[in-house]
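Here the structure comes first, spelled out in structure tokens, and everything after it is commentary.
The figures here come from the full heavy-atom set of this structure, side chains too, leaving out hydrogens, waters and symmetry mates.
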Amino acid sequence: MIFSGSHDLAFEGIAEHLAKRFTLLSLPVGSLDGLVNLRQGLCQISGAHLLDESGEYNTPFVRHLFPDRDVEMVTLAYRTQGLMLAAGNPKAIKKISDIAKSNIRFVNRNAGSGTRLWLDAELHRLKIPTENITGYDKVVKTHTEAASLVASNKADVSLGLQAAAHQHELDFIPLFEERYDLVLPRENEATLSPLLDYIQTAAFRTELNSLTGYNSSHSGEKIL
């Protein structure tokens, strides 16, 4: 089974847990491109955290891309995102506008990712030109890669998951909590039943709650 969508640490754990039952190939391409791949039949399941102008996550995008398809959308988790900083925060970064300072090296996420779309909307709201941000054009595809670059002093800051910051022993400034949903065509439900069944279990919630910044209170709820 092929997953294509937004990178998520909990989903990586699911793939490992289900490895004996079937192989789940994960292709982190970002939320938007993942849904496009799902639409084109290039994967069987996707994951997204796309914030619409209405303030709603994912549903408007899924309805727009799948007007003629019966799709299912299930919440995997709520996740905390924010600024991932070097331990001790040596550059004294306090807020999102600080990434535009001349002495700050930023590492960005790929275009079409939910994280990048949130950042671009926030920069637009704050009237911060992207040209003012050193490293805006330096992009990686996963939260893990971004955290790794900060941990190895190749960047001073990135926007990413609290769990990724924690795994790399980074400082973290929380900015928002988001809903991360799994999206699949209804016709794939039977094939993916081991995965869908697992996210309803107490064992999955226990695993999820071990990830810093993850909230399992709505995990397994059907949105569509």
What pair of heavy atoms forms the shortest contact from Ser6 to Ser31, and how long is it? CB-OG, 3.3 Å

Does the side chain of His7 pick up a donor-acceptor pair with the side chain of Arg109 at under 3.5 Å? no

Indicate, with yes or no, if Leu50 and Leu119 share a hydrophobic cluster defined by side-chain heavy-atom contacts under 4.5 Å among Ile, Leu, Val, Met, Phe, Trp and Tyr. no

Is a donor from one side chain sitting under 3.5 angstrom from an acceptor on the other, for Gln162 and Gln81? no

Check: Asp181 and His49 side chains under 4.5 Å, non-hydrogen atoms: no

Any side-chain donor near an acceptor of the partner, Asn58 and Arg63, under 3.5 Å: no

Test of understanding: with salt bridge (Lys or Arg N to Asp or Glu O under 4.0 Å), list the residues that count as partners of Lys95, not counting sequence neighbours. Asp98

According to salt bridge (charged side-chain N to carboxylate O under 4.0 Å, His left out), does anything in residues 124-149 pair up with another residue at least two apart or in another chain? List the pairs. Glu122-Arg125

Side-chain contact, heavy-atom cut-off 4.5 Å: Glu178 with Leu161? yes

Asn209 to Ser216 - nearest heavy-atom pair and separation: OD1-OG, 3.0 Å

Salt-bridge test for Arg39 and Asp68: reply yes if a basic N is under 4.0 Å from a carboxylate O, no otherwise. yes

Using a 4.5 Å cut-off on heavy atoms from C-beta on, say whether the side chain of Thr134 contacts that of Ile104. no

Identified side chain to side chain contact (heavy atoms under 4.5 Å, CB included) counterpart of Gln44 within the set Leu184, Asn188, Thr191: Asn188

Val150 versus Ser158, closest heavy-atom pair with distance: CG2-N, 4.0 Å

Does Glu177 pair with Arg79 as a salt bridge, N-O distance under 4.0 Å? no

Please check if Leu42 and Leu27 belong to a single hydrophobic cluster, counting links between Ile, Leu, Val, Met, Phe, Trp and Tyr side chain heavy atoms closer than 4.5 Å. no

Donor on one side chain, acceptor on other, Tyr198 and Glu207, under 3.5 Å: yes

I want to know whether Tyr78 and His218 have ring centres closer than 6.0 Å. yes

For Asp171 and Ala165, work out which heavy atoms get closest and say how close. O-CB, 4.3 Å

Any heavy-atom pair between the side chains of Leu195 and Met1 that's under 4.5 Å? no

When every non-hydrogen atom of Val71 is compared with those of Val62, the smallest separation belongs to CG2-CG1, 3.6 Å

Pair Phe11 + Phe3: ring centers closer than 6.0 Å: yes

Heavy-atom nearest pair, Ala164 first then Leu9, reads N-CD1, 3.7 Å

